[in-house]
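Residue numbers begin at 1 in each chain, while the letters A, B, ... track the order of the sequences. Bear in mind that the values here come from a model prediction, so they are computed numbers and not experimental data.
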Protein chains: 2
Amino acid sequence: MSLTADAADQPTLYKRIRADIEKRILTGEWPPGHRIPFEHELVARYGCSRMTVNKALSELAQADLIERRRRAGSFVRRPQHQSAVLKIADIRAEITALGRAYGYELIGRKLRAATAADRDRLGVKKAGKVVAITCRHSADKVPFAVEDRLIDLSSVPNAATADFSREPPGSWLLHHVPWTEAEHTISAIVADDRTAEALDIAVGAPCLVIDRYTWRSARTITAVRLLYPGDSHRLVARFKGG
Amino acid sequence: MSLTADAADQPTLYKRIRADIEKRILTGEWPPGHRIPFEHELVARYGCSRMTVNKALSELAQADLIERRRRAGSFVRRPQHQSAVLKIADIRAEITALGRAYGYELIGRKLRAATAADRDRLGVKKAGKVVAITCRHSADKVPFAVEDRLIDLSSVPNAATADFSREPPGSWLLHHVPWTEAEHTISAIVADDRTAEALDIAVGAPCLVIDRYTWRSARTITAVRLLYPGDSHRLVARFKGG
DNA sequence: TTGACTTATATGTCTAGACATATAATCGTA
DNA sequence: TACGATTATATGTCTAGACATATAAGTCAA
């Protein structure tokens with residue numbers, strides 16, 4: 001929720017110091033580049049030890065709100081430098097969060113030796129086995145998204161025997177495999193025959209596409225393509241550092 | 001007596017402790033729900049003071065990798081619980097980062113009293129003035145995105161006199177107005193006549209749409225709609241907590 | 001069995017110091 | 001004037017304590 005309780009709820013001291021400074025930065029009173037008071041000045045102002053103001057300033061630095069330079073001081077950073085942070089929820093969580101009934105349907109599942117196309121899609125060179133899954137997510141019985149996924153069995157051997165007829169592969173993976181990095185590509189296409197049928201929309205209607213690749217320390221885990229009807233997929237972004 | 005076995009390590013001790021724990025979590029050695037050692041145990045293991053391990057654990061908690069509960073201990077959190085964090089770059093930064101020449105062209109700029117549609121779009125009730133801007137961004141002279149923006153002058157009075165013929169309004173705002181919250185809606189449409197012409201694509205071709213609303217402490221600043229050719233807008237997501 | 005009370009304990013915050021380290025500023029020299 | 005060495009200083013890390021506070025767990029009475 002919104003930070004910066006207007007008055008002092010009397011949280012702990014270092015939180016108050018942090019909030020005070022954060023407020024001045026966010027209101028623009030201390031613009032980017034401005035040097036905020038030295039630690040010893042804040043120590044004097046708040047009448048506390050240096051470790052306390054240091055903790056407040058360290059957290060602000062960790063949140064990228066300020067930059068600290070030895071001998072020079074601490075400076076307000078340019079706000080998030082032209083970037084926002086978006087949160088993409090898991091489909092099931094997303095639908096249930098909207099208060100709608102989540103539905104899942106496995107359309108196809110194949111275990112096969114990786115074809116050249118599979119290897120290309122997963123970004124791996126060595127031959128190996130993969131699981132290819134096609135499924136559909138729905139909200140209140142209305143198609144919400146279709147999913148086309150490839151899982152690298154050399155990274156996730158368990159996936160060979162997992163039962164994806166009930167549990168969506170995305171949820172299964174999230175609970176069984178920790179990931180460290182992911183990349184998304186968002187694009188738009190117009191629905192072809194197959195897609196139109198799966199999503200119950202007209203051929204030629206716009207579709208939102210999210211391609212996601214997930215790795216765990218340089219090891220590809222899965223590649224997934226999600227197709228949504230184009231009329232809107234909502235993502236919420238929040239200012240960093242809550 | 002500060003004689004940890006290897007005192008001359010490169011990173012500082014608390015960073016090493018943090019990295020050690022992080023590694024065990026990311027490799028899955030300590031799965032979600034696992035209780036990590038108590039502070040006093042880590043103090044014994046690393047031969048340091050409690051404040052040092054506390055700093056390591058606090059940072060891990062701040063990065064949402066662990067959850068700390070009084071009297072109970074610290075526990076590995078479910079990884080990002082079905083969510084990813086996406087970074088949306090500013091268009092100019094995005095294009096220059098790709099090593100392509102950024103181009104900007106102001107198409108239209110109007111200062112007017114807010115119409116009912118404007119107020120609706122900005123989510124404000126009171127009458128007031130707004131600036132409406134239409135412009136185009138290009139990469140290597142090829143249309144990259146068209147932008148249709150509304151700025152609330154009661155929040156950003158300076159925008160009335162700003163020169164948007166050279167500087168894109170998005171960049172101007174980022175440098176002049178700190179924002180605290182933003183919301184994005186991503187969707188797909190098919191190009192109509194006007195859009196097709198502006199982006200130099202065919203009518204009926206898919207387009208990616210990003211609607212962004214920005215506030216500063218509950219005050220609307222701007223609403224912007226960006227239209228990209230559908231063939232791909234790339235966003236990179238990284239696991240939180242670097 | 002249940003609910004209220006007590007206790008033990010892990011984390012949360014804070015202190016008053018310490019030494020390390022990077023670097024802005026100054027000074028001295030070529 | 002330009003450049004290299006020195007110094008001053010703000011941050012970075014760490015210690016060995018302290019008390020506060022939430023709460024899991026145990027205790028006891030209804």
Side-chain angles (χ1 to χ4, degrees), chain A residues 3 5 8-22 25 30 32-77 241-242, chain B residues 1-22 24-25 30 32-77 241-242:
Chain A
L3 53 160
D9 300 350
Q10 89 199 113
T12 58
L13 180 52
Y14 92 86
K15 279 183 182 155
R16 221 189 81 208
I17 299 173
R18 179 162 81 96
D20 283 356
I21 295 171
E22 203 165 308
I25 293 174
W30 287 348
H34 181 268
R35 208 210 78 223
I36 73 175
F38 294 131
E39 291 190 352
H40 65 83
E41 294 174 302
L42 292 169
V43 162
R45 178 179 313 175
Y46 288 96
C48 62
S49 83
R50 206 189 121 214
M51 277 302 284
T52 300
V53 313
N54 183 280
K55 177 157 188 172
L57 296 184
S58 294
E59 287 198 6
L60 288 169
Q62 233 190 309
D64 275 338
L65 267 174
I66 66 172
E67 185 192 345
R68 313 197 73 199
R69 291 205 301 271
R70 276 176 148 124
R71 162 79 210 232
S74 303
F75 301 83
V76 177
R77 285 193 46 152
Chain B
M1 43 160 73
S2 56
L3 34 114
T4 50
D6 14 13
D9 264 336
Q10 30 219 22
T12 57
L13 180 52
Y14 92 88
K15 278 183 184 156
R16 219 188 85 206
I17 299 174
R18 180 163 83 95
D20 283 357
I21 296 170
E22 202 166 313
R24 295 202 204 221
I25 293 174
W30 287 347
H34 177 87
R35 208 209 78 224
I36 73 175
F38 294 131
E39 290 191 351
H40 66 83
E41 294 175 305
L42 292 168
V43 161
R45 177 179 313 175
Y46 289 96
C48 62
S49 84
R50 209 191 114 209
M51 278 302 284
T52 300
V53 314
N54 183 280
K55 178 157 187 171
L57 295 184
S58 294
E59 288 197 7
L60 288 170
Q62 236 190 308
D64 275 338
L65 268 175
I66 65 172
E67 185 192 343
R68 312 197 73 198
R69 290 205 300 272
R70 276 176 147 125
R71 161 77 211 233
S74 302
F75 302 83
V76 177
R77 285 193 46 151

By side chain to side chain contact (heavy atoms under 4.5 Å, CB included) - contacts of A:R69 (at least two apart): A:E67, A:A72, A:F75
Below 3.5 Å is the cut-off: list the nitrogen or oxygen pairs between protein and nucleotides 3-5 of chain D, distance only.
none

With sequence neighbours excluded, residues passing side-chain hydrogen bond (donor to acceptor under 3.5 Å, both in side chains) with B:T52: none
side-chain hydrogen bond (donor to acceptor under 3.5 Å, both in side chains) partners for B:R50, two or more places apart: B:E39
Ring pair (Phe, Tyr, Trp, His ring centres under 6.0 Å) contacts in which one or both residues fall within residues 44-72 of chain A, not counting sequence neighbours: none
Stretch residues 36-43 of chain A: residues that reach within less than 4.0 Å of DNA chain C through a heavy atom: none
First of A:S74 and B:R71 reached from the 5' end of DNA chain D, by closest nucleotide: A:S74
Test item: B:L65 and B:R77 side chains (from C-beta on) under 4.5 Å apart, heavy atoms: no
Side chain to side chain, A:L57 and A:Q62, heavy atoms closer than 4.5 Å: no
Counterpart residues, salt bridge (charged side-chain N to carboxylate O under 4.0 Å, His left out), relative to A:R45 (two or more places apart): none
Contact check, side chains of B:M51 and B:Y14, non-hydrogen atoms, under 4.5 Å: no
Residue-level proximity of residues 50-57 of chain A to DNA chain D when a heavy atom falls under 4.0 Å: A:R50, A:M51, A:N54
Chain B footprint on DNA chain C, 5' to 3' - any atom under 4.0 Å from a heavy atom: C:dA8 to C:dC14
Any residue meeting side-chain hydrogen bond (donor to acceptor under 3.5 Å, both in side chains) with B:R35, in chain and number order, not counting sequence neighbours: B:E41
side-chain hydrogen bond (donor to acceptor under 3.5 Å, both in side chains) partners for B:R24, two or more places apart: B:E29
From B:N54, B:D20, B:I21, residue fulfilling side-chain contact (heavy atoms from CB on, under 4.5 Å) relative to B:L42: B:I21
Set of residues satisfying ring-ring contact (aromatic ring centres under 6.0 Å, His included) with respect to B:F38, sequence neighbours excluded: B:H40
Closest approach of A:V43 to A:C48 (non-hydrogen atoms, all atoms of both residues): CG1-O, 3.0 Å
Along DNA chain D (nearest heavy atom to each residue), the more 5'-positioned of B:R70 and A:R68: A:R68
